[in-house]
Amino acid sequence: MKRILAGLLMMAGAAGCMAQAPHKWAVEIHGGAGVIERKSMTPAREKAYRAGMQEALDAAAAVLDKGGKAVDAVEAAIKLLEDNPLFNAGRGAVFAADGTNQMDSAIMDGSTMAAGAVADTQTTRHPISLARAVMEHSGHVMLVGKGADQFAREQGLEQQPASFFFTEERWQQLGEEMKEKGLSMPARPAGAAEPTGKPMAMLESKDAHKWGTVGVVALDRAGNVAAGTSTGGLTAKRWNRVGDTPVIGAGTYASNQSCAVSATGTGEYFIRLTVARTICALVEYKGMRLQEAADEVIQKKLTAMHGDGGIIALTPDGQMAWSFNSPGMFRARKSEVGASLIGIYRDEP
Ligand code: ASP
């Protein structure tokens, strides 16, 4: 009798295993949302943006395809975007009113709900890696300013001078913004390359690329989701302003119980609407499909509040969504079963 029971249990176990199909990996990235229109983009610049997104997508896909962890895919892709001067994160971050780059970043692992975030870092080359170090080695969730950079040094993370993060384009953007606000321009950072004299370089309109925050959400083969976001924040920000990016639940959130979200847009709205967590709560408690939940928060709530921006999101069961209410959002996705999809303008899929 015992043997029959054991046999039955073994068969049930095997059936259970078979029913649990391996998860198909998936990844989405964004490179900021805003007034991004064809008329304000040169073909060369558009090509460079698409190439930058493809490169980040491929890096994440390579990690996931060989069975790597979602958090590793998120960090790998964001590090590339932070090094790409086109995006407002790491090198190429926008300038604060005092002429410094004040960078914010966060990462969250949906399998453990561990999270790490940093705000106002100025010397760490990869804020996303610092956020991860905070998550894994600090015993805290959020570090700010000098203390965050000090922790980065203690963790052996690469440090860089202000001139490393400097781009002429962002400096000129600061100039325009300061003029508009009636503020005087700070001194050019020490060691920054000499001005090129090229007006706004390849940038045709100040508003066209006001944003440029980067974010990644990933689902790995083990069925775990993760999210990460990195930004220089808003041009000409003052008083050590911090946006939604490093605020867990606002600009970044991940839980295997619901979804992973990374946001971009005017952070003040995303913080008050706790955008990322609200989307996941709708999935978790209301049983909404991911796209419906994302649209509820972005198209309805954010829009009603006159906020602007968008999100990328995915669930442990492989649903992928993005939603934005601005004219454009740099975005891309790829999954184990689907080819790369890259979009910039509203009328693209
Ligand atoms: N959300 C970022 C912030 O408010 C900016 C952005 O996404 O472009 O700091």
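Being a predicted model, the structure only gives us computed values, none of them experimental.
Between V275 and I311 the shortest side-chain heavy-atom distance falls below 4.5 Å. Counting only heavy atoms from C-beta outward, the side chains of W171 and P189 approach each other to under 4.5 Å. With a 4.5 Å cut-off on side-chain heavy atoms, Y345 and E46 count as touching. The closest side-chain heavy-atom distance from R38 to D347 is below 4.5 Å. Side-chain contact check for F270 versus V297: every heavy-atom pair is 4.5 Å or farther apart. A 4.5 Å side-chain heavy-atom check between I107 and V74 finds at least one atom pair inside the cut-off. Side-chain contact between F166 and R188 is present, with heavy atoms from C-beta onward closer than 4.5 Å. Between R91 and F164 there is a side-chain heavy-atom pair separated by less than 4.5 Å.
With respect to the salt-bridge test (charged N to carboxylate O, under 4.0 angstrom), the residues R132 and D72 qualify. Checked for salt-bridge contact, K181 and E176 miss the test: no charged N lies under 4.0 Å from a carboxylate O. Ion pairing between E28 and R333 holds under the 4.0 Å rule for side-chain N and carboxylate O. Note on D109 versus K69: no salt bridge recorded, every NZ/NE/NH1/NH2 to OD/OE distance being 4.0 Å or above.
I29 and M320 sit in two unconnected hydrophobic clusters of ILVMFWY residues. Membership requires side-chain heavy atoms under 4.5 Å apart, directly or through other members. In the hydrophobic clustering of this structure, M41 groups with F87; members are Ile, Leu, Val, Met, Phe, Trp, Tyr whose side-chain heavy atoms approach within less than 4.5 Å, directly or through other members. Hydrophobic clustering, with ILVMFWY side chains joined whenever heavy atoms are under 4.5 angstrom apart, keeps I128 apart from M142. If you chain together hydrophobic residues whose side chains sit under 4.5 Å apart, V225 and L282 never meet in one group. V27 and L219 end up in different hydrophobic clusters when Ile, Leu, Val, Met, Phe, Trp and Tyr side chains are linked at under 4.5 Å.
The heavy-atom pair separating L314 from A26 by the smallest distance is CD2-O, 3.7 Å. Contact between R170 and G92 at its shortest, heavy atoms only, is NE-O, 2.8 Å. Taking every heavy atom of both residues into account, F165 and M103 meet most closely at CE2-CE, 3.6 Å. Closest non-hydrogen pair, A73 versus A218, comes out as CB-CB, 4.2 Å. Across every non-hydrogen atom of P127 and E82, the tightest pair is CD-OE2, 3.3 Å. Here the closest non-hydrogen pair linking L157 and A133 is CD1-CB, 4.2 Å.
With rounding to the nearest 0.5 Å, the separation of CG in D98 from CG in L174 is 9.0 Å. T213 contributes atom OG1, which lies 7.5 Å from atom CG of D244 (distance to the nearest 0.5 angstrom). Here Q319 contributes atom CD and E292 contributes atom CD; the two are 10.0 Å apart, rounded to the nearest 0.5 Å. From T229, atom OG1 reaches atom CG of D104 across 10.5 Å, with rounding to the nearest 0.5 Å. To the nearest 0.5 Å, the span separating CG on L273 from NZ on K300 amounts to 14.0 Å. How far CD1 of I298 is from CE of M329: 8.5 Å, rounded to the nearest 0.5 Å.
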Requested in this report: Check the pair K179 / M185 against side-chain contact (heavy atoms from CB on, under 4.5 Å), numbers first and verdict last.
Outcome: CA-CA 8 Å; K179 212 194 292 161; M185 199 58 182; over 6 Å; no

Next on the checklist: Under the criterion salt bridge (Lys or Arg N to Asp or Glu O under 4.0 Å), I'd like the reasoning laid out for E169 against R45: C-alpha separation, chi angles, the key distance, then a yes or no.
Outcome noted: CA-CA 13 Å; E169 210 164 4; R45 193 176 179 95; 2.8 Å; yes

- Task: Test side-chain contact (heavy atoms from CB on, under 4.5 Å) on I312 and V261 and set out the steps.
- Result: CA-CA 6 Å; I312 51 170; V261 177; over 6 Å; no

Show, in sequence, the C-alpha distance, side-chain angles and deciding distance for R50 and E348, and conclude whether the salt bridge (Lys or Arg N to Asp or Glu O under 4.0 Å) test is met.
CA-CA 13 Å; R50 290 186 192 272; E348 292 177 271; 3.0 Å; yes

>> Evaluate Q122 against D149 for side-chain contact (heavy atoms from CB on, under 4.5 Å), listing each step before the verdict.
In response: CA-CA 7 Å; Q122 298 190 20; D149 282 323; 4.0 Å; yes

Begin with the C-alpha distance, continue with both residues' side-chain angles, and end with the deciding distance and a verdict on side-chain contact (heavy atoms from CB on, under 4.5 Å) for K237 and F95. CA-CA 8 Å; K237 61 187 179 183; F95 287 97; over 6 Å; no

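Side-chain atoms of S111 and N256 include no donor-acceptor pair closer than 3.5 Å. Using modelled atom types and a 3.5 Å distance limit, the side chains of E75 and S129 yield a donor-acceptor pair. With 3.5 Å as the limit, one finds no donor-acceptor pair spanning the side chains of S323 and Q291. Between the side chains of Q160 and T123, no donor-acceptor pair of N or O atoms lies under 3.5 Å. The closest side-chain donor-acceptor pair between E154 and Q150 falls under 3.5 angstrom.
Not a single donor-acceptor pair under 3.5 Å links the side chain of T124 to the backbone N or O of H126. Judged by distance alone, the side chain of T303 and the main-chain N or O of Q299 form a donor-acceptor pair under 3.5 Å. Looking only at distances, a side-chain donor or acceptor of H23 sits under 3.5 Å from a matching main-chain atom of P316. Judged by distance alone, the side chain of R125 and the main-chain N or O of G90 form no donor-acceptor pair under 3.5 Å. Within the 3.5 Å criterion, the main-chain N or O of Q102 finds no donor-acceptor partner in the side chain of D120. Judged by distance alone, the side chain of S230 and the main-chain N or O of A89 form no donor-acceptor pair under 3.5 Å.
Among residues two or more places apart in sequence or in another chain, the salt bridge (charged side-chain N to carboxylate O under 4.0 Å, His left out) test is passed with E268 by R241.
Between F330 and Y49, the two ring planes are parallel [angle under 30°; tilted spans 30° to 60°].
By the neighbour-count criterion of 12 heavy atoms within 6.0 Å, atom CZ of R289 is sparsely surrounded, having that number or fewer from other residues, nucleotides or ligands.
The salt bridge (Lys or Arg N to Asp or Glu O under 4.0 Å) analysis of residues 269-282, with sequence neighbours excluded, yields the pairs R277-E284.
Taking the centre and axis of the six-membered ring of F324, the NZ or CZ atom of R331 falls outside the cone set by 45° and 6.0 Å.
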